[in-house]
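Okay, so here's the structure we're looking at.
This structure is a prediction, so every number in the text was calculated from the model and none was measured.
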Amino acid sequence: MVSQFAWLGLALSLCLPSPPVAKEPPERVSTLIIEVIGLRSGKGDVHYAVYDSPENFPTRDGRVASGNVPAKRDGVKIPVKGLKKGTYAVAVFHDENRNDEFDQGLFGIPLEDYGFSNNASGFLGPPSFKDAAVILNKDMVRTVIRLD
């Protein structure tokens, strides 16, 4: 069974506004392209959150960027610009009913599709930052997340 508290953290981290991304010189920043595939439908929104440290993944306070985009049946591409070059992890969920919540059932079992960078998965909660880590060492890096 999935811990209700583990998924509550994910839900809170993806639904609240994120802090602005810091301004850096152009040679030190990168764009992360988050490509989300495997959506059940084109209804609702895809929420995303980007993290830069294992201590904060995936908590509300640990996000360096987050937001949502309209869902498309064939998937979405989300450019996150202005990130410092470094290591990041991403969490997403498909908010099909557009209620801005990560819906959960009995015992915190997710009712909406979700995923993490590297298609990392966890046991009874989110995966580790290390398993979901994406290295931004170029001007543009792409990560593909298949929703479950």
Side-chain angles (χ1 to χ4, degrees), residues 2-40 42 44-96 98-104 108 110-148:
V2 177
S3 165
Q4 185 173 9
F5 297 108
W7 295 112
L8 180 60
L10 174 63
L12 290 174
S13 71
L14 294 176
C15 292
L16 299 172
S18 67
V21 176
K23 299 264 185 194
E24 288 288 325
E27 67 277 1
R28 293 180 48 199
V29 296
S30 188
T31 297
L32 176 62
I33 305 293
I34 304 167
E35 186 173 344
V36 183
I37 60 174
L39 278 71
R40 267 191 283 202
D45 296 316
V46 174
H47 290 254
Y48 67 93
V50 179
Y51 303 87
D52 67 353
S53 74
E55 297 81 27
N56 295 319
F57 176 71
T59 66
R60 179 182 51 147
D61 296 332
R63 297 168 297 137
V64 294
S66 68
N68 62 287
V69 298
K72 295 179 184 174
R73 177 71 177 103
D74 58 346
V76 297
K77 290 181 183 173
I78 305 162
V80 182
K81 299 178 180 182
L83 295 173
K84 294 181 201 176
K85 291 190 173 154
T87 304
Y88 295 85
V90 179
V92 301
F93 79 92
H94 183 191
D95 183 18
E96 209 167 3
R98 258 197 186 128
N99 67 350
D100 290 327
E101 295 181 20
F102 183 57
D103 296 331
Q104 302 170 60
L111 299 176
E112 296 181 302
D113 293 337
Y114 63 93
F116 299 93
S117 42
N118 295 333
N119 292 308
S121 61
F123 181 71
L124 300 179
S128 70
F129 182 87
K130 180 181 174 184
D131 288 345
V134 175
I135 299 171
L136 271 65
N137 57 1
K138 302 176 189 169
D139 292 341
M140 187 175 300
V141 174
R142 176 177 156 248
T143 185
V144 178
I145 301 172
R146 175 172 290 280
L147 295 186
D148 295 327

Compare all side-chain heavy atoms of K77 with those of E35 and state whether any distance is below 4.5 angstrom. yes
Given the rule in the side-chain contact (heavy atoms from CB on, under 4.5 Å) test, do V69 and V36 qualify, once you have shown the distances and angles that lead to the verdict? CA-CA 11 Å; V69 298; V36 183; over 6 Å; no
Chi angles and distances behind the side-chain contact (heavy atoms from CB on, under 4.5 Å) call for T31, V80: CA-CA 5 Å; T31 297; V80 182; 5.9 Å; no
Candidate pair Y114 and E112, rule side-chain contact (heavy atoms from CB on, under 4.5 Å), full reasoning: CA-CA 6 Å; Y114 63 93; E112 296 181 302; over 6 Å; no
Where the side chain of S117 meets the backbone of V90, is there a donor-acceptor pair that is under 3.5 Å apart? yes
Which atom of L111 lies closest to which atom of R40, heavy atoms considered: O-NH2, 3.5 Å
Heavy-atom nearest pair, R98 first then G44, reads NH2-O, 3.3 Å
If you round to the nearest 0.5 Å, how far is CZ of R142 from CD1 of I34? 12.5 Å
Are any side-chain N or O atoms of N118 and backbone N or O atoms of D131, one a donor and one an acceptor, separated by less than 3.5 Å? yes
Minimal non-hydrogen separation, Y48 against N68, with atom names: CE2-N, 3.7 Å
So OG1 of T143 and CD1 of I78: to nearest 0.5 Å the spacing works out to 11.0 Å
With L83 as partner, the option from V64, D52, V29 fulfilling side-chain contact (heavy atoms from CB on, under 4.5 Å) is V64
Does any part of the side chain of L39, heavy atoms only, come nearer than 4.5 Å to the side chain of L147, both counted from C-beta? yes
Donor-acceptor contact present, side-chain N119 to main-chain R146, <3.5 Å: yes
Listed partners of A133 passing side chain to side chain contact (heavy atoms under 4.5 Å, CB included), at least two apart: T87
Closest contact, heavy atoms only, Y51 versus R63: CE2-CG, 3.4 Å
Under 3.5 Å, side chain of R28 to main-chain N/O of K84, donor-acceptor pair present? no
Testing the 3.5 Å rule here: is there a donor-acceptor pair between the side chains of D95 and H47? yes
Would you name the heavy atoms of V141 and N137 that are closest together and state the gap between them? CG2-N, 4.1 Å
Is it true that, when you exclude I135 itself, more than 12 heavy atoms of the residues, nucleotides or ligands shown sit nearer than 6.0 Å to its CD1? no
Looking at every heavy atom in both F57 and F116, which two are closest together, and how far apart are they? CZ-CD2, 3.8 Å
Carboxylate-amine/guanidinium contact D139 K85, below 4.0 Å: yes
